[in-house]
Amino acid sequence: MADRAHTAVRMEGRDPHEAGRASTPLELLFDLTFVIAFGTASNELAHFITHDHVREGLIGFGFATFAISWAWINFSWFASAYDTDDWIFRLTTMVQMVGVLVLALGLSDMFESLKAGDHVDNQVMVLGYVVMRVPMLLQWKRAERQDTARRGVGQTMFATVLVAQIGWIVLLLLDLRAGPMFVGAFLLGLVELAGPVLAESRGGGTPWHPHHIAERYGLLVIIALGEGLLGTMASLTAIVGVRGPGWSVDVAVLGLAGTAMTFGMWWSYFTVPSGPLLHAHRERSFGWGYGHIPFFGATVAVGAGLHAAAYYLNHQSHLGLVATVLAVAIPLGLYVVTLYLLYAQISHTMDPFHLLLVAASVAVLAASVGMGAAGVSMPWCLLMLAFTPWVTVLGYELAGHRHQEAVLAEATGGA
C-alpha cells in the first residue's frame, strides 16, 4: 500500500484471505505503548503484594488488565479488518497511542486510591479512554459510511462504543464508593464485550484476517512475557547490585530460572495452532479472543511475581519465602490452565493427554512451594518453578504433536 500511503483510501474492508498478511510497522509501534501500560500494572502489583496490600493489589491489577487488554483488542480487530494505512488511519492511531499512555499514567492513582477504600480514582484512566475512543468512533463512522456492504456492523459498533464511553464518564462524575463503582464497571464491561458480538452478527461481520489476528495476539503475549525478563533482571540486580551480596551460584541459578521460565511460557503458547483454527472456524473467535484477557493478566502477573522475588531478596518485602514463591506459582499455574482452556475452546477438543500435562504442571508448582516450606533458598525454588511450562513443551515435542495434527486435519477437512 506504499503507493497510496499519502492519500485517503476508501475504507471498504481488507481481504480476510489476503496472502502473506502480517503486522504492519504502525501496529508494532502502537504495541510499544502497551509495554509501558503492562509494565506499570506489573510494578504496581509487585509493590502492593510485597507491602501487605494483597487484596487491593489484585483488585487494581484485575481492573487494569481488563482496561489495557480491551484497549488493545479494540484497535487490533478493527485494524485487521479496516487498516487502510492512509494518513487518516495513521493520525488516529497516533492519538490512540496518546490515550494508552494517559491510561498508563492513571494506573498509579487508581492503585493508590484502593488503599483508602472509599472510592476509586480512575479519572486519568477514563481520560485516557476518552482520548482513545474519540478517534475509534471516527474510524467506525468512516467504516459505516464507506463499507456499505457491512453498514449495520459499523452502526452497531459506533453505537456500543459511544454508549460505553458515556457510561464510563457518568460513572466517573458520580464519584461512587469503591463497591458501587466496581458494580457499575462490571456492567459497563458487559456492554463493552457485547458490542462486537452484536456487531459481528449483522451483515456477516467484519473482514478480519485469522492469521493476522493470531500473529497480533502472539506479539502481545511476547510483550507480556517481557515482564518476566524484567522481573528476572530486578531479582538479579538485588543480588549483584551495590547493596547485594555479589556474584554467586545463586545468581546463575536465578538468571537461568527466570529466562527458562519465560522461554518455556513462550514455547508452550506457540504450540497452539491459532491461525489455522481461526481460519477454519471464525465463529470461535470470541471465546478465544476474549479468553486472552485473563491470559494476558496471568502472563504479566508472573513478571510481577518475579519482581516480588526481587523485593524479597532485597529485604524490602513483607512476604515470607513461601508467600513469595506463591506470588510466582499462582499466576504461572493460571497461565498453564488458561492456555489449555484456550486450546480447548479454539479446537473444541479435550484430550486426556492435556489433563495429564496440566496435572504434571501442578505437581511441579506444588514441589516448588514445598521446597520453600522446607527452607530451600529462593533461587532454587524459582528454578523448580521454571520447569512448569516445560512440562507442556516436552509433552508436545514427544507426543502432543500427533494430537495437534489430528485436530488440524479435522478442522481443515484434511486439506
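Every heavy atom of this structure was used, including side-chain atoms; hydrogens, water molecules and symmetry mates were not. Since we're looking at a predicted model, the values are computed, not measured.
- Annotation for F387: atom CZ does not count as buried by contact number, only 12 or fewer foreign heavy atoms lying within 6.0 Å.
- Looking at heavy atoms from C-beta onward, I73 lies in side-chain contact with I293 at the 4.5 angstrom threshold.
- Put simply, the side chain of T299 reaches to within 4.5 Å of the side chain of L225, judged on heavy atoms.
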Can you check side-chain hydrogen bond (donor to acceptor under 3.5 Å, both in side chains) on W168 and E192, steps first, answer last?
CA-CA 11 Å; W168 288 113; E192 298 270 13; 2.9 Å; yes

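- Without hydrogens or angle criteria, Q345 side chain to W288 main chain gives a donor-acceptor distance under 3.5 Å.
- When all heavy atoms of P16 and P210 are compared, the closest pair comes out as O-CD, 3.5 Å.
- Interatomic distance, M265 CE to W390 CH2, rounded to the nearest 0.5 Å: 12.5 Å.
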Please determine whether side-chain contact (heavy atoms from CB on, under 4.5 Å) holds for the pair M110 and D121, giving the CA-CA distance in whole Å, both sets of side-chain angles, and the decisive distance to 0.1 Å.
CA-CA 5 Å; M110 183 271 292; D121 184 359; 5.7 Å; no

Intermediate values then yes/no, side-chain contact (heavy atoms from CB on, under 4.5 Å), T65 and V300
CA-CA 9 Å; T65 295; V300 174; over 6 Å; no

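- Residues A46 and H307 approach most closely at CB-CB, 3.8 Å, considering heavy atoms.
- Note: F75 and F89 have tilted aromatic rings, judged against thresholds of 30 and 60 degrees for the angle between ring planes.
- In this structure, the side chain of R133 does not engage the main chain of L162 through any donor-acceptor pair within 3.5 Å.
- Checking side-chain atoms of Q146 against main-chain N and O of M11 turns up a donor-acceptor pair under 3.5 Å.
- No donor-acceptor contact under 3.5 angstrom links the side chains of D351 and T349, judged on distance only.
- In this structure, S69 contributes its side chain and F66 its backbone to no donor-acceptor pair below 3.5 Å.
- For the residue pair E44/S108, the side-chain donor-acceptor check at 3.5 Å is satisfied.
- A distance of 13.0 Å separates NE2 in H53 from CG in L45, rounded to the nearest 0.5 Å.
- Closest of all the heavy-atom pairs between V328 and L306 is CG2-N, 3.8 Å.
- Remark: the backbone N or O of V197 is not paired with any side-chain donor or acceptor of E200 at under 3.5 angstrom.
- Here the CZ-CG distance, from R90 to D85, works out to 4.0 Å after rounding to the nearest 0.5 Å.
- Ring orientation note: the planes of H318 and H51 are nearly perpendicular, at an angle over 60° on the 30°/60° scale.
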Checking side-chain contact (heavy atoms from CB on, under 4.5 Å) for the pair M261/L332: CA distance, chi angles, key distance, verdict?
CA-CA 9 Å; M261 187 185 303; L332 185 57; 4.2 Å; yes

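- Using cut-offs of 30° and 60° on the angle between ring planes, the pair F263 and W267 is perpendicular.
- A donor-acceptor contact closer than 3.5 angstrom links the side chains of D31 and W72.
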Could you list the donor-acceptor pairs under 3.5 angstrom formed between side-chain atoms of residues 353-376 and any protein atom two or more places apart in sequence or on another chain?
{"residue": "H354", "atom": "NE2", "partner": "Y396", "partner atom": "OH", "Å": "2.6"}
{"residue": "S361", "atom": "OG", "partner": "L357", "partner atom": "O", "Å": "2.8"}
{"residue": "S368", "atom": "OG", "partner": "L365", "partner atom": "O", "Å": "2.6"}

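- For the pair L313 and L254, the minimum side-chain heavy-atom distance is below 4.5 Å.
- Side-chain contact between L138 and K141: absent, with no pair of heavy atoms (C-beta onward) separated by less than 4.5 Å.
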After noting the C-alpha distance and the side-chain angles of H292 and Y269, does the key distance pass the ring-ring contact (aromatic ring centres under 6.0 Å, His included) rule?
CA-CA 11 Å; H292 271 77; Y269 176 80; 5.8 Å; yes

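- Of all the heavy atoms in M378 and A309, the pair that sits closest is SD-CB, 4.3 Å.
- Two residues are said to be in side-chain contact when any heavy atoms from C-beta on lie closer than 4.5 Å; L29 and L32 meet this criterion.
- Counting only heavy atoms from C-beta outward, the side chains of P276 and H211 approach each other to under 4.5 Å.
- Remark: F63 CZ to L107 CG distance equals 9.5 Å, nearest 0.5 Å.
- Panel note: side chain D147, backbone A143; no donor-acceptor pair is recorded below 3.5 Å.
- A distance-only check finds a donor-acceptor pair linking the side chain of S268 to the backbone of G264 [under 3.5 Å].
- The closest donor-acceptor contact from the side chain of T160 to the backbone of M157 lies under 3.5 Å.
- Other residues, nucleotides and ligands contribute over 12 non-hydrogen atoms within 6.0 Å of the CH2 atom of W70.
- For the atom pair I36 CD1 and I223 CD1, the distance stands at 10.5 Å (nearest 0.5 Å).
- Taken from CG in L198 to OG1 in T156, the straight-line distance is 7.0 Å, to the nearest 0.5 Å.
- A distance-only check finds no donor-acceptor pair linking the side chain of S42 to the backbone of F38 [under 3.5 Å].
- Not less than 6.0 angstrom separates the ring centroid of F61 from the ring centroid of F111.
- Using bins of under 30°, 30° to 60° and over 60° for the plane-to-plane angle, the ring pair F30/F34 lands in the tilted bin.
- When side chains are defined from C-beta on, F78 does not count as touching P196, because their heavy atoms never get closer than 4.5 Å.
- Using modelled atom types, one side-chain atom of S285 and one backbone atom of R282 make a donor-acceptor pair closer than 3.5 Å.
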Using the rule given for salt bridge (charged side-chain N to carboxylate O under 4.0 Å, His left out), can you reason through D86 versus R142, listing the C-alpha separation, both sets of side-chain angles and the distance that settles it, and then say yes or no?
CA-CA 13 Å; D86 57 8; R142 184 183 176 195; 2.4 Å; yes

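- I346 approaches V272 most closely through the heavy-atom pair CG2-CG1, 4.3 Å.
- With hydrogens and angles left out, the side-chain atoms of T388 and Y335 include no donor and acceptor closer than 3.5 Å.
- Separation of the W208 and H212 ring centroids does not fall under the 6.0 Å cut-off.
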Can you give each donor-acceptor pair under 3.5 Å made by side-chain atoms of residues 175-191, sequence neighbours left out, with the distance rounded to 0.1 Å?
none

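- Between H209 and H279, the distance from one ring center to the other does not fall under 6.0 angstrom.
- Residues A81 and T206 share a closest heavy-atom pair of CB-CB, 3.8 Å.
- Under the 4.5 Å side-chain criterion, counting only non-hydrogen atoms from C-beta, L229 is not in contact with M233.
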